[in-house]
Amino acid sequence: MLILGLNMFHADASAAIVLDGEVKFAIAEERLNRRKHFGGFPALAVKACLDAVGAKISDVEHVAVGQDSDANLARKVQYALTNPAKILNLIRLRQRKEAMRDVRALLVKALDVDAAQLRFQEHHLEHHIAHIASAFYCSPWEKAAGFSYDGSGDFVSTMMARCEGNEIEILDRVFLPHSLGSVYTMICEFIGYSQYGDEGKVMGLAPYGKDTYCGEISKVVSPNSGGFQLDLSYFKPLGSNQGMQVLPDGTVRLARHFSERLEKLFGEPRKPHTEITQRDMDLAFALQHRFEEIFFYLLNQLHKRVPSDDLAMAGGCALNSVANGRIFDRTPFRRTYVQPAAGDEGLAIGAALHTYHSVLKQPRRHELKHSYLGPEFSEVYIQKCLENAGLEARKLDRPALLDTVAEQIASGNVVGWFQGRMEWGPRALGNRSIVAHPGRPDMKDILNARIKHREWFRPFAPSILADYQHEYFEHDHPSPFMLHVYKIRPEKRKQLCAVNHVDDTGRLQSVTREENPLYYDLISTFHRKTGIPVILNTSFNENEPIVCTPEEAIDCFQRTRMDVLAIGPFVVIKPSGENRELAAVSTEKSASSS
Ligand SMILES: [Fe+2]
């Protein structure tokens, strides 16, 4: 049975194809149309899904959409009636609903097929149920507590559930305008990070701050018996979509969230790209602190109602890997399953799996143990791309490839590592990654100067052989999708200085041979050469969506100052001149600033 899952007309539009309950292929539209967080109809992703399983749309029996505009309608109307601006928003949402309803017309247009070929049944599932389904139905568990939280989805920001077998029983919802995600976005905007998806940057800034504003920020959001509530005087009235708008061309735009009250309290908001002051860092600190307090309050409430060891979690806020890393210290939960695409692209998987298990009552057999659900490219194709780009590449067998790349990393070079199927979700997990030495003090500056051009305060992440995690980190709960931040043990911090954040933590990816044998063996080879079972792993891109195709990888390699490209079995090493000069400049800079 073939089910197509969709997230459409919402940020991070995506498609996934599920065959007899197994996710066979899944991809966000941004990876194909190269427009970050694209929020229109995922036409290219749908085509890629069908091609991946060799199917036509006429073979698809069910199409499931992770959004239901009829959900919570009474709440929406009640909220909208409070002022005319919100009524306009409600009308806009209803118009979107009409577009959503016309899934058939959209597929006919996208695939250029006759409407008579479509024989699928259509399902629309409430946003947060799709989030929870994406986690629980990919997890190995028969029973778990389910939790989802984000900015907003179908007029809800937070959902708690009891998950068992083929059922997701909703226990509670927190309705808009009360939203922990909106609080995060509001402070991000105030300190100059106003693009959709900037919250992760501010999470990295938080440990540079001090406890100056925790008291003030705690007044913005407070726990209550139903979950939590916002003091709305800090917020600009935003209407029923909480300030996120998808423009007709699929661009996702945020409205200003904060009110003048926040300016009176903290002064002028920081303008983007200006200097970051101690105030901005302290606000980031207070924000992360309060976010965690409310998050753990909610989880502890959930655990009282569902006293399980296991927590299946999704939603955009579930990408807060710092909070995720503290779950075991602050709540009774002992295990977490956070789906690799915890944000809204994950809705495509959630809606499809919910249809298979909860609607059609089909048995659960498949756990999602890895994130490699995207496209892959043949050796012949990669070779042709290299030739077209005029690059001289050496083809190596597996041991020689591993040895050469590990040697290059060990000698301080930066390697583009493009292998196998692309990752599903926002993290590069060893198939579309840039890899480097984790123990060189200058490596962060080198990566930023040559390739990534990221804010100085953002850390780079470590990939570690899972067998060594307990030796290097204070927690050994696996973090296969780079969604947990743990303290690095004091005796290992120097060895991992390029991935050790200012608060001595790392957002690790624990790598097992079962999940990714080639990447595991690369880290093992590096370990044998250096004694370090870790490599620095950052996404293969330069201010763009992560590269998907060999052409994009080659282009990124050529326009940046990456030293080496390892693409399939081929290795290209750049002549050293230019990169070496820049490395020397970066090293001098880092020496003078330390
Ligand atoms: Fe969401």
Side-chain angles (χ1 to χ4, degrees), residues 2-18 23 25-53 55-71 92-115 117-127 130-131 134 152-154 196-197 241 244-253 316 341 343-352 354-355 373-375 424-426 545 548:
L2 260 192
I3 304 177
L4 178 68
L6 298 174
N7 173 36
M8 56 195 235
F9 302 118
H10 195 86
D12 296 318
S14 63
I17 194 99
V18 171
V23 183
F25 188 95
I27 190 165
E29 186 76 356
E30 67 153 37
R31 302 292 167 88
L32 297 168
N33 71 4
R34 313 304 296 160
R35 293 180 55 199
K36 230 172 176 186
H37 299 301
F38 177 80
F41 184 73
L44 299 173
V46 169
K47 281 183 205 160
C49 282
L50 294 173
D51 288 349
V53 294
K56 297 190 187 71
I57 192 66
S58 53
D59 301 321
V60 173
E61 288 160 79
H62 299 270
V63 172
V65 182
Q67 187 166 28
D68 178 5
S69 302
D70 283 339
R92 205 164 61 219
L93 283 176
R94 300 307 292 170
Q95 284 169 340
R96 192 201 295 175
K97 177 187 165 179
E98 292 312 309
M100 299 279 296
R101 278 254 165 97
D102 219 347
V103 175
R104 284 161 200 277
L106 290 158
L107 285 169
V108 162
K109 190 175 166 211
L111 302 169
D112 194 20
V113 292
D114 194 317
Q117 289 184 31
L118 310 183
R119 61 185 192 98
F120 57 78
Q121 271 182 47
E122 201 176 313
H123 309 263
H124 290 262
L125 178 64
E126 184 180 341
H127 186 102
H131 272 316
S134 79
S152 69
D154 288 330
Y196 183 82
N241 68 350
M244 188 190 84
Q245 220 186 328
V246 179
L247 304 183
D249 71 350
T251 305
V252 178
R253 185 167 291 169
D344 286 340
E345 69 266 52
L347 296 170
I349 277 190
H354 182 273
T355 298
L373 295 173
W424 161 244
C548 173

For V63 and F120: C-alpha separation, side-chain torsions, deciding distance, then whether side-chain contact (heavy atoms from CB on, under 4.5 Å) applies.
CA-CA 6 Å; V63 172; F120 57 78; 3.5 Å; yes
If every non-hydrogen atom of G346 is compared with every non-hydrogen atom of S134, which pair is closest and at what distance?
O-CB, 3.6 Å
Using a 3.5 Å cut-off and no angle test, enumerate the donor-acceptor pairs between side-chain atoms of residues 35-43 and protein atoms at least two apart in sequence or in another chain.
| unit_1 | atom_1 | unit_2 | atom_2 | d |
| --- | --- | --- | --- | --- |
| R35 | NH1 | D249 | O | 2.9 |
| R35 | NH2 | D249 | O | 3.0 |
| R35 | NH2 | T251 | OG1 | 3.0 |
| H37 | ND1 | D12 | OD1 | 2.8 |

Under the criterion side-chain contact (heavy atoms from CB on, under 4.5 Å), I'd like the reasoning laid out for L44 against E29: C-alpha separation, chi angles, the key distance, then a yes or no.
CA-CA 6 Å; L44 299 173; E29 186 76 356; 3.4 Å; yes
Please report the closest heavy-atom contact between C548 and R31, naming both atoms and the distance.
CB-O, 3.6 Å
Does the N7 side chain pair with the main chain of L347, one donor and one acceptor, at a distance under 3.5 Å?
no
Rounded distance [0.5 Å steps], SG in C49 versus CD1 in I3
13.0 Å
Could you tell me the separation between the NE2 atom of H131 and the CD atom of E126, rounded to the nearest 0.5 Å?
11.0 Å
Of all heavy-atom pairs between A28 and W424, which one has the smallest distance, and what is that distance?
N-CZ3, 4.1 Å
Between L50 and K56, does the side-chain contact (heavy atoms from CB on, under 4.5 Å) criterion hold? Intermediate values first, please.
CA-CA 6 Å; L50 294 173; K56 297 190 187 71; over 6 Å; no
Nearest non-hydrogen partners of F25 and G374, listed with the distance
CE1-C, 3.5 Å
Ignoring hydrogens, what is the shortest heavy-atom contact between L125 and A351? Give both atom names and the distance.
CD2-CA, 3.9 Å
If you count the non-hydrogen atoms of other residues, nucleotides and ligands that lie under 6.0 Å from CZ in R34, is the total more than 12?
yes
Which heavy atom of T355 sits nearest to which heavy atom of A64, and what is that distance?
OG1-CB, 3.3 Å
Interatomic spacing from CG in L111 to CG in L106 - rounded to 0.5 Å
10.5 Å
Value for CD1 (I27) from CD1 (I17), rounded to nearest 0.5 Å, stands at 13.0 Å
Would you say the side chain of Q117 lies within less than 4.5 Å of the side chain of V108, judging by non-hydrogen atoms?
no
Report the distance from atom CD of E122 to atom NE2 of H62, rounding to the nearest 0.5 Å.
12.0 Å
How long is the gap from CE on M8 to CG on L107, to the nearest 0.5 Å?
7.5 Å
Would you call H127 and H10 a side-chain contact if the rule is heavy atoms closer than 4.5 Å?
yes
Could you check E61 against R119 for side-chain contact (heavy atoms from CB on, under 4.5 Å), going step by step and ending with a plain yes or no?
CA-CA 7 Å; E61 288 160 79; R119 61 185 192 98; 3.7 Å; yes
Given the side-chain rings of H123 and H354, with only the six-membered ring counted for Trp, is the space between their centroids under 6.0 Å?
no
